[in-house]
Amino acid sequence: MQNDRLNNTLQEKLSGFSELPANSTFSVQGSWQKLEAQLPQQKRRGIWWYRSAAAVVMCLATALFFFKQDKPADVAIDHRNDHVPAPTTHHAPVQQVPVASGSTASTAAVKKTIQPQPFRQPAAEDHNAFSKSVPQPTIALPVVPDTSNKSMGTVALVPVTTVTPAVAVVKPAQIKVIHLNDLNDDPYYREAVQKGKSNFSFSTPFRSAKENESPEPRKLRLRLPVSIN
Amino acid sequence: MEFAQLVKECRKGSVTAQKYFYEEYAVQMFLLCRRYVKAEEISEELMLNGFLSFFTGLSRFEYINEAATIGWLKRIMVNECLGYIRKKKPFLTVAEEHATEVGVEEEAVSNLSAAEILQLIEQLPIGYRTVFNLYAIEGLNHKEIASMLGIAEGTSKSQLSKARQMLQQMLMAKDQQYAERQVK
């Protein structure tokens with residue numbers, strides 16, 4: 001019990017005590033330098049972070065610069081100070097004077113006028129009262145020959161006669177109808193004969209008139225290339 | 001800066017916060033190491049090792065409050081000192097049969113200042129001093145001390161008894177009135 005109280009007293013006295021003895025050579029700053037050398041250094045941010053951050057800032061600045069330069073769409077266009085180029089000849093319309101009747105090529109002079117077109121100031125911004133006049137181009141008229149001075153003669157009329165054309169009447173020729181079998185030119189028959197010639201050979205003996213009169217029937221001998229049993 | 005914020009910055013690796021923390025607790029931890037190890041240079045070295053372990057181990061430390069954090073720091077320092085003391089093997093020659101219960105009057109100690117108490121503790125031999133520190137100041141029991149120092153419980157008890165006897169003698173020598181009262 002006595003020792004427990006002693007322990008408590010010691011703990012109370014020593015727990016928050018932080019006073020160096022007079023003869024101590026301990027230096028907080030000096031020991032910190034030793035400790036700092038041993039401590040693992042905090043990782044530095046890689047240089048890529050700085051580079052990427054700078055690139056992003058540059059992109060934003062560029063985008064902002066171009067965005068500020070854009071004009072808004074509702075600004076009115078002022079034509080008062082616009083410079084108008086001088087008109088050129090090759091774009092000007094050509095005007096031709098129509099040729100009078102009876103004039104020749106030498107007398108029919110073609111007047112070619114090239115007039116500079118003055119620049120017309122566009123109308124004011126009053127879109128309701130806008131009007132535009134389009135100049136109609138002059139179209140060259142075709143030259144018509146003058147026939148008013150020529151005289152006309154009378155033409156004698158010939159009486160109308162009716163002519164009957166002579167048509168030779170030919171009697172149609174009589175057509176003789178011949179059956180195909182009579183021509184002995186049946187393609188099926190010829191084909192069959194050709195086939196028979198290739199596989200069989202027929203021999204029919206010629207008989208005299210007498211033999212034909214005999215009652216015996218005519219014998220037909222068939223020669224086969226292969227003997228039949 | 002609040003203590004929690006300070007610990008958070010130290011955990012991130014901020015050298016400024018670590019320096020601030022070190023300056024706050026360096027002397028206290030140095031004196032703690034001095035209670036175990038007499039030599040100043042060795043105490044400083046052990047303290048620096050303890051702070052290094054503390055700062056590098058902060059990432060694994062779960063912050064609760066200031067007392068728990070400082071308690072953890074003290075424990076680191078004590079372990080550093082015990083690691084050094086274990087190499088010296090100061091407990092081999094101590095016999096267990098010498099362990100007897102010796103009481104030190106609490107009034108005599110309470111009259112002393114903290115510096116005087118520290119001075120008395122420093123005069124104890126290393127074995128006595130270590131067990132006395134662990135038992136009387138750190139509040140560990142003999143079983144814990146025995147396991148920490150790698151000795152038997154009886155050895156721890158006898159070391160404590162011897163430390164108290166020695167302290168009593170030192171107190172008697174220091175305070176003559178205290179000695180006269182003890183004689184009566």
Side-chain angles (χ1 to χ4, degrees), chain A residues 1-70, chain B residues 12-19 22-35 40-41 43-45 47-52 55-56 70 74 101-122 132-133 135-139 160-161 164 167:
Chain A
M1 195 65 176
Q2 189 186 359
N3 288 332
D4 290 341
R5 277 186 290 160
L6 175 71
N7 295 346
N8 291 335
T9 308
L10 286 171
Q11 286 172 9
E12 283 174 15
K13 280 186 179 274
L14 298 176
S15 61
F17 181 68
S18 58
E19 191 179 322
L20 284 170
N23 59 351
S24 175
T25 57
F26 175 72
S27 165
V28 176
Q29 294 301 324
S31 60
W32 165 251
Q33 288 176 356
K34 292 178 190 173
L35 178 64
E36 192 180 10
Q38 295 177 9
L39 278 172
Q41 294 296 314
Q42 192 177 13
K43 282 185 181 177
R44 280 186 166 188
R45 286 180 181 176
I47 196 164
W48 287 106
W49 283 102
Y50 296 107
R51 284 185 180 179
S52 54
V56 168
V57 169
M58 288 289 289
C59 288
L60 284 174
T62 311
L64 194 68
F65 176 74
F66 281 107
F67 181 74
K68 287 240 174 188
Q69 276 198 337
D70 283 340
Chain B
K12 283 181 184 174
S14 165
V15 179
T16 312
Q18 287 173 343
K19 187 182 181 188
Y22 177 80
E23 286 172 352
E24 280 288 308
Y25 297 98
V27 175
Q28 198 176 332
M29 296 304 130
F30 174 71
L31 292 174
L32 187 152
C33 294
R34 275 285 300 269
R35 277 197 279 122
E40 271 203 345
E41 295 78 17
S43 299
E44 185 181 342
E45 192 181 331
M47 180 206 66
L48 291 175
N49 288 341
F51 268 107
L52 188 64
F55 286 134
T56 52
I70 299 304
K74 281 182 179 177
E101 193 67 28
V102 177
V104 179
E105 200 171 313
E106 185 257 335
E107 191 185 346
V109 177
S110 61
N111 290 332
L112 299 174
S113 66
E116 288 172 327
I117 294 167
L118 279 176
Q119 202 174 0
L120 289 176
I121 293 170
E122 279 175 15
F132 183 79
N133 274 323
Y135 187 88
I137 299 171
E138 309 299 342
L160 181 67
S161 174
R164 280 182 174 149
L167 269 176

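Quick note: numbers below take in every heavy atom, side chains included, and nothing from hydrogens, waters or symmetry partners. Chain identifiers are assigned alphabetically (A, B, ...) following the order of the sequence lines, protein sequences preceding nucleic acid strands; residue numbering begins at 1 within each chain.
Contact count versus chain A (heavy atoms, under 4.5 Å) is highest, among B/E138, B/M47, B/Q119, for B/M47.
Here the closest non-hydrogen pair linking A/F26 and B/E40 is N-OE1, 4.0 Å. Nearest heavy atom pair, residue A/L35 against residue B/F51, reads CD2-CB, 3.8 Å.
Considering A/S31, A/S27, A/S24 as possible partners of B/E44, the one that fulfils the side-chain contact (heavy atoms from CB on, under 4.5 Å) test is A/S31.
In the displayed structure, B/E122 atom CD is contacted under 6.0 Å by more than 12 heavy atoms of other residues, nucleotides or ligands.
In this structure, no portion of B/M29 lies under 4.5 Å from any heavy atom of chain A. With a threshold of 4.5 angstrom between heavy atoms, B/E45 does not approach chain A through any atom at all. With a 4.5 Å cut-off on non-hydrogen atoms, B/I137 touches chain A through its backbone and its side chain both. In this structure, no portion of B/I70 lies under 4.5 Å from any heavy atom of chain A. Residue B/Y25 does not touch chain A at all, counting heavy-atom pairs closer than 4.5 Å.
With A/Q38 contributing its side chain and B/L52 its backbone, the two residues share no donor-acceptor pair below 3.5 Å.
The side chain to side chain donor-acceptor pair (under 3.5 Å) test applied to A/Q29 returns B/E23, not counting sequence neighbours. Residues passing the side chain to side chain donor-acceptor pair (under 3.5 Å) test with B/Q28, sequence neighbours excluded: none.
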